[in-house]
Amino acid sequence: MQKNNVSSFDFHSPVESLDFQLFNDKGLTLHIKRDDQIHPFISGNKWRKLKYILQSARAAGKMHLVTFGGAWSNHLLATACAGAKFGFKTTGFVRGESVSNPNLSLCKLFGMELQFVDRTSYRNKPALFEHYAQGDEQAYFVDEGGYSTEGTIGCSEIIDELATAYDHIFCACGTGTTLAGLYRGCMEAGLHTHLHGIPVLAGGDFIREAIAKLYTGKEPANITLHTEYHFGGYAKTTPALNTFIKHFCAETGILIEPVYTGKLLYGVFDLAKHDYFKPKDRILVVHTGGLMGILGKLNDFGV
Ligand SMILES: *Cc1c(COP(=O)(O)O)cnc(C)c1O
């Protein structure tokens, strides 16, 4: 079978307006870029990040993607599915003891070979890769979460796809690649949009440095990190966050989840409530997808 060319998969996600009293009352408009609609499994920003990674791998003649993630990693699933679609073999190193869950089962269905590694060994990913790739000339290192400069190029295309300008653009941050890409897109387009990141891990200030490493080498101006919306840390949630998510989903028909996009939207609503924005401000949030993760959390919602 002739596998699809990576660059031929080109889906411009739509922007939708959201109608909430809170924003209307303050004269604000709220919009959402539906990157969750790019693909059910090669979801959102994970596709944006993989797009140029896959092209680099193929150009180098490396047809075996070796990557890393936790058991619920959206990146592992996206890599497994993209590998199947575009003709790459895939191996995923999974952090921690051997477990099974729907996310990993889907990875296996898409042909990914899984290797569970203890948390200490997992920390040194280049060493894991070197050891594993001995004797496999096809092996290509793809960092956890798609953290990479190629990833910033893919994510900068979010900006290229926008038909109008916004005063503020928000995204959730894990590695910071998506936010670095938005920054790159704005710089290249000469836009002065105020960019905002909501780190989903505690101590999210590290994102600033991660962005500098990925793009220009300098600490970015024009970016604000709102580090107080992590809800206790990565994949942690609270009843208040769950209530907000339930309300948002029921109000809009747009699914969000507690690991990334729930924290993002909670943060934007909380900032609006506290008059962070000026009347007439146009706000865009990027729905970065990653909806499989909610399958592990459904019990928290009492539904
Ligand atoms: C992986 C992921 C992120 C984090 O993106 P970074 O580029 O690593 O900051 C945000 N949202 C969703 C839904 C994700 O799956």
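The structure displayed is predicted, hence computed values, not measured ones. Numbering of ligands and ligand atoms starts at 1, following listing order.
- Scanning the protein heavy atoms around atom 11 (N) of ligand 1, the nearest turns out to be Thr288 OG1, 2.7 Å.
- Of all the atoms in ligand 1, the ones that sit under 4.0 Å from a non-hydrogen atom of Gly174 are 4 (C), 5 (O), 6 (P), 8 (O), 9 (O).
- Minimum interatomic distance between Ser43 and Ala78 (heavy atoms only, all atoms of both residues): N-CB, 4.3 Å.
- Under the side-chain hydrogen bond (donor to acceptor under 3.5 Å, both in side chains) criterion, Asp205 pairs with no residue, sequence neighbours left out.
- Partners of Phe206 by side chain to side chain contact (heavy atoms under 4.5 Å, CB included), not counting sequence neighbours, listed by chain and number: Leu201.
- Here atom 13 (C) of ligand 1 lies nearest to Gly289 when heavy atoms of Gly44, Ser148, Gly289 are compared.
- Given atom 7 (O) of ligand 1, the protein heavy atom at minimum distance is Thr178 OG1, 2.6 Å.
- Ring geometry for Phe9 versus Trp47: interplanar angle over 60°, hence perpendicular rather than tilted (30 to 60°).
- Inclusion of Asn45 in the set of residues having an N or O under 3.5 Å from an N or O of ligand 1 is warranted.
- Taking the six-membered ring where tryptophan is involved, the planes of His168 and Phe170 are tilted, since the angle between them lies from 30° to 60°.
- Both cation-pi conditions hold for Arg95 and Tyr122: the charged atom is under 6.0 angstrom from the six-membered ring centre and inside a 45 degree cone around its axis.
- Considering each of His287, Lys263, Lys46, the one bringing a non-hydrogen atom nearest atom 1 (C) of ligand 1 is Lys46.
- The shortest N/O to N/O separation between Lys49 and ligand 1 falls below 3.5 Å.
- Counting the atoms of ligand 1 from 1 in the order shown, those under 4.0 Å from a heavy atom of Asn74 are 14 (C), 15 (O).
- Here is the list of ligand 1 atoms found below 4.0 Å of a heavy atom in Cys173: 9 (O).
- With contacts defined as side-chain heavy-atom distances shorter than 4.5 Å, the pair Val285/His31 does not qualify.
- In terms of protein heavy-atom proximity, atom 10 (C) of ligand 1 is closest to Tyr260 CD2, 3.3 Å.
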